There are 2 protein chains.
Amino acid sequence: MEIIRSNFKSNLHKVYQAIEEADFFAIDGEFSGISDGPSVTALTNGFDTPEERYQKLKKHSMDFLLFQFGLCTFKYDHTDSKYITKSFNFYVFPKPFSRSSPDVKFVCQSSSIDFLASQGFDFNKVFRDGIPYLNQEEERQLREQHDEKRSQANGAGVLAYSSPNTSKCPVTIPEDQKKFIDQVIKKIEDLLQSEEKKNLDLEPCTGFQRKLIYQTLSWKYPKGIHVETLETEKKERYIVISKVDEEERKRREQQKHAKEQEELNDAVGFSRVIHAISNSGKLVIGHNMLLDVMHTVHQFYCPLPVDLNEFKEVTTCVFPRLLDTKLMASTQPFKDIINNTSLAELEKRLKETPFSTPNVESAEGFPSYDTSSEQLHEAGYDAYITGLCFISMADYLGSCLSPPKPCVSARSQLIEPFFNKLFLMRVMNIPYLNLEGPDLQPKRDHVLHVTFPREWRTSDLYQLFSAFGNIQISWIDDTSAFVSLSQPEQVQIAVNTSKYAESYRIQTYAEYVGKKQEERQIKRKWTEDSWKEVERKRPNMQVGFHSNSATNTVGKRNLSPSPGEGSSEDRAPGDISDLEQTESCAESLPEGRRKAKKLKRMKKDLSLAGSVADSPAELFEVPDTW
Amino acid sequence: MEIIRSNFKSNLHKVYQAIEEADFFAIDGEFSGISDGPSVTALTNGFDTPEERYQKLKKHSMDFLLFQFGLCTFKYDHTDSKYITKSFNFYVFPKPFSRSSPDVKFVCQSSSIDFLASQGFDFNKVFRDGIPYLNQEEERQLREQHDEKRSQANGAGVLAYSSPNTSKCPVTIPEDQKKFIDQVIKKIEDLLQSEEKKNLDLEPCTGFQRKLIYQTLSWKYPKGIHVETLETEKKERYIVISKVDEEERKRREQQKHAKEQEELNDAVGFSRVIHAISNSGKLVIGHNMLLDVMHTVHQFYCPLPVDLNEFKEVTTCVFPRLLDTKLMASTQPFKDIINNTSLAELEKRLKETPFSTPNVESAEGFPSYDTSSEQLHEAGYDAYITGLCFISMADYLGSCLSPPKPCVSARSQLIEPFFNKLFLMRVMNIPYLNLEGPDLQPKRDHVLHVTFPREWRTSDLYQLFSAFGNIQISWIDDTSAFVSLSQPEQVQIAVNTSKYAESYRIQTYAEYVGKKQEERQIKRKWTEDSWKEVERKRPNMQVGFHSNSATNTVGKRNLSPSPGEGSSEDRAPGDISDLEQTESCAESLPEGRRKAKKLKRMKKDLSLAGSVADSPAELFEVPDTW
């Protein structure tokens, strides 16, 4: 269902209902661009730390506009054992609410725009018909202004004139306006004495004159009349005066208040949909969703925090449960049987054995998509496909149990290991951003940071390191790159050799990261490290990941996708069966939530006991993310 | 006529013809925004120097996209004594030419976009169907790449294969590819021996395999075959090999060259229209056209120079003759009889006496506009209206002659005073940017530059200067403003008083400008001052303006538009009659050009002789630009 400015209000209840009844949602965003700085390759350096990656995306991607938001809700129908979907395609644009409201500037990237154009994207629906929105601070300010205006009017105990500049004492009327004001008063006296006339339209006049009229009337006629400014078709403003009794006055007051409230809600606009998703606390699914999540928080909640940990806090407040299908598909047990994790390819792959196409149907009144012909890159459709991929993969996990479980719910313990971990594009050995705790810190003791003259090319680096056998180069910018050697032992030799070099400089990865962190620490005030406790509690798990990834990396030469390469301690599907006991699909939400919390505790206890091998976390082999 | 990507090439000859036959053009641009920094009010401070204004516009406006370009050509028809117009509306978008071509990022301002949307602007025509373009440097690079490719191919003396990586010696084929290449060679041998077969389609293969094939064939079959890479519908690339004799080979070569030239021209795209306008050397008219000119130069020629004088040089190269109808309407003899110089109001005013509506007709095949119903802000229509305004005003000048001249040509001496002077929005006493020489330097000895705490409001400034009578405040930013006093004598008193102040600081305008210039001089390397000579030659004129503007400013209190206010040494229309002698409308171009040059010399001589009062420049009273 396509939602634009003109049909937003009339369909909002449908959106709310879909959110209310859903078991989970899938979302997707389309943006006006990806990177306003370096090319995407340079933006996603393989040796980025999660902190660096966050900083880069924040710096180079947040000036673009999220202008199409896809939401697909999935509700399980027990009777027919199928999912009922409702898919929404929202067009979003920061139309200024009034003259004084923020005038948002955003960047467009020609290649992104051209790509969307080639997919038939309708830009008029964004720029002419996009639904406006406000972030939380803007909404707060607007509500404050509104309340202030009301309390001024009420506090004065008199008529709530449209203008806040009312006055309780006589007004000083400039000489040249006295005649004008006297004429107005004369007309009002006539109105009040007349028995037939109820209203009086004054001639259009200047803003200054209107102000004088308001001030004069507020003092002269505290009761019995209602004053209002209207606009002619030619946009000329004029004042209408009506005789009213106390009851009528109150009715008009309320009417006006209701109208203002409605205008306010209109200004908050699309943000109300995001708030509803957020408040539901339900599982939100996306495919490679880090940028979607960042844009959503940035555009509809608050500018992104400086610090990654703060971002994690904000994000888990907005979206308590996220799941990234790209991460899921890149992780065991899927990693070995899924070659290409792009959304289009993943969708195709999941139609084949050992997967099965989920039983899904569009709700009545919602157009259904045909996955065999539909084009990707309409946000609503991409969200729909993402949801299908999730169901196929979740059901596959269920099918591996003994006895097999035909349908895996959005609150199943089976999928918990994938919660709140967002896929990181092309980061070596850090497959995801962990929203619920500290990020993985793979050892990178075979990696060097090299600085060199601008003229250097890849061949110069190969030559420099020719003595060290196979190397792998990851450019940072024109004058620096990471170089990973095949053996960590070679690192010190390389660093020692470089001491006598003038044109280039080599340091270890650890030295480089240490210096960068130092710089950052000097630059910013540290907020309380909210993860300290978690870190203290999970030593085993971390160490587990460390050694694992280190083993993985050493000896690896090629960054191109090569599924099945690297250590893959295959886990028989049956191994996870003990985790799936009493669950059934589509439990009632409170029940599900309680269970989720309980399971979370369980999971923690498991890892605390050091039995990492049995915990769901063990499902995560470090995926080959390239 | 609407021109988009798909009909650009087929209509280009019409555009060229219209440019070729026209007497003058009017242009107009629509942009994706106006200011990405301060609000427009802050952007256009009344005490900006032309240099400052240029720097601000360059910094805060050039990241927006000029995405609709209106061109209206006007050709005088002597037989019917009317103008024949051809109006074009070009949609422009920097669609990347190839993967390696620049990926332009541009900013959109919501309020501007929303405004255009409210006017019914079709954004799909920009983003989906916009005509691409290249600036001069991009075009040069592309042509160079192309020439290099060709010369490589030709230099090798062999077949010009599609890939430049051809080779004259045997290629080293990796072990695992040998079988593949051998099979290809086998197929080609079969093709060469067959009498029926003319072509051979190889299976789609990898880029590396294609490279190997090209290299092998270039060495093995320097003659007799033609090799080409094509794409399947699924975008898979495959190689086609054809048997060809020498003649056929040459024909294909030429075909390919022609195709490449065409692709190159397609990439240059809309810039070709601007080049044609530029090369014609004809008069180009715009309304308040500084931003249009800046964007046009920036987008289709080169990034704007750092220095204003360099900008003037570049601009006069691109557009040798410009005329701004807003400046014209703000200058005597029009200033006194035209209240509002906005395009819409100007157009209305010029339909009334003493002006007359020009006799204008659309050329056959071109849609005609109805000025009584048409909406503004379609660039083609705005350009059309701008041209009409010019004709009305020019004809009015003619009607003031004795005997009256019914039609004033685009090369008439009467309009020369308006050449190459671009209207400056809201700059006190500097009505225009002078492209042909140094800018006006009005005395500002009644102006103070004040720095103060961020908390200060306008009222604080009024209080600070309460002893000085009427003042006029012009905010620069949150902590500084210009304050102009009614008497220059008060300036020193204010500066002296402030010496003991701690919270604020006052300096004279001269001190402020001096310091700023010093900073700039330190910052940048000075290019040869190209105006030095002109400056030396025109002392009288400058002094004339100085004293004039100084008189004008002193005693002025209100910056709001107040036509007729200020000194207006009325010039009887007859006074300029001696300048109009033998001219007639629509002279042939070479004749007109020669005359224009002669008149230019004449004008210079006049001002050199000090007879400012009689020179056309005297037409410029300093307009009340607010």
Side-chain angles (χ1 to χ4, degrees), chain A residues 4-6 30-43 60-61 63-65 67 91-130 132-134 206 235 299 560, chain B residues 4-6 31-43 60-61 63-65 67 91-130 132-134 206 208 235 299 560:
Chain A
I4 57 178
R5 199 183 303 155
S6 56
E30 296 295 338
F31 319 116
S32 64
I34 301 296
S35 167
D36 67 359
S39 69
V40 174
T41 337
L43 190 70
H60 295 298
S61 298
D63 287 340
F64 297 108
L65 188 70
F67 53 30
Y91 289 85
V92 176
F93 182 75
K95 182 182 161 70
F97 171 65
S98 71
R99 280 191 169 195
S100 60
S101 61
D103 187 5
V104 176
K105 282 110 191 171
F106 57 91
V107 177
C108 293
Q109 186 174 9
S110 328
S111 56
S112 299
I113 296 289
D114 188 46
F115 173 75
L116 287 172
S118 73
Q119 306 284 318
F121 190 90
D122 190 340
F123 296 96
N124 283 335
K125 289 208 175 124
V126 170
F127 297 127
R128 289 180 178 178
D129 307 323
Y133 60 85
L134 295 179
T206 67
K235 303 267 172 194
Q299 208 158 301
S560 62
Chain B
I4 56 177
R5 199 184 303 154
S6 56
F31 319 117
S32 64
I34 301 296
S35 167
D36 68 358
S39 70
V40 173
T41 337
L43 190 70
H60 295 298
S61 298
D63 287 340
F64 297 108
L65 188 70
F67 54 30
Y91 289 85
V92 176
F93 182 75
K95 183 182 161 68
F97 171 64
S98 71
R99 279 190 169 197
S100 61
S101 61
D103 187 4
V104 176
K105 281 111 192 170
F106 57 92
V107 177
C108 293
Q109 186 173 11
S110 326
S111 56
S112 300
I113 296 288
D114 187 47
F115 173 75
L116 287 172
S118 73
Q119 307 283 318
F121 190 90
D122 190 341
F123 296 96
N124 283 335
K125 289 207 176 125
V126 171
F127 296 127
R128 290 179 177 180
D129 306 324
Y133 60 85
L134 295 179
T206 67
F208 180 62
K235 304 265 172 195
Q299 209 157 303
S560 62

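Remember, predicted model here, so these are calculated numbers, not experimental data. In what follows, chains are A, B, ... by sequence order, proteins preceding strands, each numbered from 1.
The side chain to side chain contact (heavy atoms under 4.5 Å, CB included) test applied to B:Pro132 returns B:Arg5, B:Lys95, not counting sequence neighbours. B:Asp122 is linked by a side chain to side chain contact (heavy atoms under 4.5 Å, CB included) to A:Asn124, A:Arg128, B:Asn124, B:Lys125, counting only residues two or more places apart in sequence or in another chain.
Ranked by heavy-atom pairs shorter than 4.5 Å toward chain B, the options A:Ser111, A:Pro102, A:Gly33 are led by A:Ser111. Taking chain B as the reference chain and counting heavy-atom pairs below 4.5 Å, the highest number among A:Ser32, A:Ser110, A:Ala117, A:Pro96 is found for A:Ser110.
What you find for A:Val107 and B:Lys105 is that their closest heavy atoms are CG1-CB, 3.9 Å.
Partner B:Phe123 forms a ring pair (Phe, Tyr, Trp, His ring centres under 6.0 Å) with one of A:Phe67, A:Phe123, A:Phe127, A:Tyr91 and no other, that one being A:Phe127.
At least one side-chain heavy atom of A:Ile113 sits less than 4.5 Å from a side-chain heavy atom of B:Phe93.
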